[in-house]
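The next block holds one structure in the form of structure tokens; read it before the comments.
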Amino acid sequence: MTFKVKIDDELTITEDEFIVIAGPCAVESEEQMDMIGKFLSGLGIKIIRGGAFKPRTDPKSFQGLGIDGLKILKAVKEQYGLKVVSEIMDPRDVEMAYEYIDIYQIGSRNMQNFSLLKEVGKTKKPVLLKRGMSSTLEEWYNASEYIRSEGNENIILCERGIRTFEDYTRNTLDLMSVPIMKSKTGYPVIVDPSHGTGRKELIEPASKAAIAVGADGIMIEVHPYPEEALSDGLQSLNFNDFERVLAEVRQVYNLLRKIN
Ligand code: PEP
Ligand code: MN
């Protein structure tokens with residue numbers, strides 16, 4: 001099935017190109033984002049991620065910089081010519097965030113926040129819809145239908161792992177959802193090996209496996225100093241490791257494409 005997701009007048013996502021989205025879990029400072037933006041654009045990455053509103057399990061954990069984080073994202077986007085994806089948690093923030101970001105991220109914990117789904121569905125901006133950590137594929141599909149039924153078909157699905165009894169990894173990366181959701185919806189499906197495994201050493205094998213099952217892209221957490229990250233440092237790659245993993249990923253992708 002072919003798809004076309006228009007990010008803006010400059011960038012449209014199609015199956016001709018593997019999408020790599022990278023960036024920190026959370027926007028922490030101007031300096032941090034400037035370092036990451038410069039690094040990623042130098043590697044040919046087109047879309048940067050970074051949370052300004054963070055859905056944290058513990059209310060005492062860092063909650064994100066909010067609108068200040070969105071302003072930092074916009075500055076980085078303009079400086080380095082990147083597109084920006086960031087999570088919005090509250091339907092009341094959808095309009096406010098519109099001018100700062102290029103893709104709304106709906107996080108795992110909000111996959112069934114129907115008011116939020118409807119609100120982003122009323123806009124024309126693309127939506128990255130993550131799978132709920134306890135959701136079936138049918139529930140995930142229905143969540144995407146909430147967005148589409150409001151008129152927005154610019155949807156990218158993101159498999160980020162589900163909760164199972166296995167606790168060696170943070171989540172269990174259900175890669176079979178990729179071919180299933182691709183054929184069921186026709187939307188691009190990308191994989192998040194950072195949240196999918198919770199362990200930086202598993203990002204490379206998980207990314208390779210994602211390519212093998214036909215994923216249209218990956219989203220990886222990257223931080224200049226993962227050990228100092230305010231969130232998700234254990235599943236974030238530093239610059240050297242990201243560069244190495246990216247080279248491997250591109251190699252595997254090219255190899256599989258040639259066989260096709
Ligand atoms: C994130 O992408 O940083 C995030 C919070 O992801 P998820 O919603 O998949 O947990
Ligand atoms: Mn994260």
Side-chain angles (χ1 to χ4, degrees), residues 19-28 32-33 36 40 47-59 61-66 69-70 72-73 83-90 93 97 101-113 116-117 120 126-135 137 139-140 143-144 147 155-164 169-175 177-178 181 189-200 202-203 206-207 210 215 217-238 242:
I19 312 159
V20 179
I21 303 175
C25 179
V27 175
E28 298 171 2
Q32 172 227 26
M33 289 310 294
I36 299 172
L40 295 177
I47 307 176
I48 188 169
R49 60 151 289 146
F53 298 94
K54 296 304 304 175
R56 305 306 299 281
T57 302
D58 183 341
S61 301
F62 175 59
Q63 301 286 309
L65 298 179
L70 293 181
I72 293 173
L73 283 168
K83 308 301 169 200
V84 158
V85 55
S86 198
E87 177 166 356
I88 299 303
M89 298 197 296
D90 190 321
D93 289 335
I101 61 179
D102 301 296
I103 305 170
Y104 290 119
Q105 177 172 323
I106 305 295
S108 190
R109 292 158 189 79
N110 271 311
M111 191 206 79
Q112 286 187 318
N113 181 337
L116 182 61
L117 297 173
V120 295
V127 180
L128 180 77
L129 177 64
K130 294 190 113 185
R131 179 179 182 179
M133 62 183 79
S134 308
S135 298
L137 299 183
E139 287 162 344
W140 192 13
S144 77
I147 301 170
I155 298 170
I156 303 166
L157 299 175
C158 179
E159 169 61 61
R160 48 80 72 210
I162 50 174
R163 280 202 172 173
T164 66
T169 49
R170 181 179 180 185
N171 290 287
T172 296
L173 190 56
D174 178 17
L175 285 174
S177 70
V178 175
M181 293 304 275
V189 180
I190 70 168
V191 169
D192 174 346
S194 288
H195 294 87
T197 66
R199 290 170 171 259
K200 58 175 171 288
L202 295 178
I203 291 176
S207 300
I218 46 177
M219 179 158 85
I220 296 179
E221 288 186 331
V222 175
H223 194 286
Y225 312 107
E227 54 294 338
E228 291 171 21
L230 297 182
S231 59
D232 287 352
L234 292 175
Q235 59 185 44
S236 302
L237 294 177
N238 65 26
F242 179 73

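Both counts, for ligands and for their atoms, begin at 1 and track the order of listing. Heads up: numbering here begins at 1 and tracks the sequence. Only a predicted model underlies this, so the values are computations on that prediction, with no experimental measurement involved.
Separating the CD1 atom in I147 from the CG atom in L117 is a distance of 5.0 Å, to the nearest 0.5 Å. For the atom pair NE2 of H223 and CG of D232, the computed distance is 10.5 Å after rounding to the nearest 0.5 Å. A distance of 7.5 Å separates CD of E87 from CD1 of I106, quoted to the nearest 0.5 Å.
Inclusion of R109 in the set of residues having an N or O under 3.5 Å from an N or O of ligand 1 is warranted. By the 3.5 Å distance cut-off applied to N or O atoms, K130 is counted among the residues near ligand 1.
Not a single heavy atom of M133 sits less than 4.0 Å from an atom of ligand 1. A heavy-atom separation below 4.0 Å is not found between R131 and ligand 1.
Protein atoms of type N/O/S that fall under 2.8 Å from the Mn ion (ligand 2) number 4 in this view.
In terms of modelled atom types and a separation under 3.5 Å, the side chain of S194 and the main chain of E221 share a donor-acceptor contact. One N or O on the side chain of S108 and one on the backbone of R131 form a donor-acceptor pair closer than 3.5 Å. In terms of modelled atom types and a separation under 3.5 Å, the side chain of R56 and the main chain of F62 share a donor-acceptor contact. Distance alone, capped at 3.5 Å, is enough to place a donor-acceptor pair between the Q63 side chain and the S61 backbone. Using a distance-only test at 3.5 Å, with no hydrogens or angles considered, a donor-acceptor pair links the side chain of E159 to the main chain of G161. N171 places a side-chain N or O within 3.5 Å of a backbone atom of H195 that can act as its donor or acceptor partner. A donor-acceptor pair under 3.5 Å is formed between the side chain of R49 and the backbone N or O of C25.
Closest heavy-atom approach to atom 8 (O) of ligand 1 among the candidates G132, S108, S231: S108. The heavy atom nearest to atom 2 (O) of ligand 1, out of those in E159, R49, E87, is found in R49.
Taking every non-hydrogen atom of G107 and a distance limit under 4.0 Å, the qualifying atoms of ligand 1 come out as 8 (O). Which parts of ligand 1 touch C25 is read off a 4.0 Å heavy-atom cut-off, strictly below it: atoms 3 (O). Of all atoms in ligand 1, listed by their number and element, those nearer than 4.0 Å to a heavy atom of R160 are 7 (P), 9 (O), 10 (O). Taking a cut-off of under 4.0 Å to the non-hydrogen atoms of E221, the atoms of ligand 1 that pass are 3 (O).
Considering only non-hydrogen protein atoms, atom 4 (C) of ligand 1 sits nearest to H195 NE2, 3.4 Å.
Heavy-atom neighbours of R163 CZ from other residues, nucleotides or ligands within 6.0 Å: at or below the threshold of 12.
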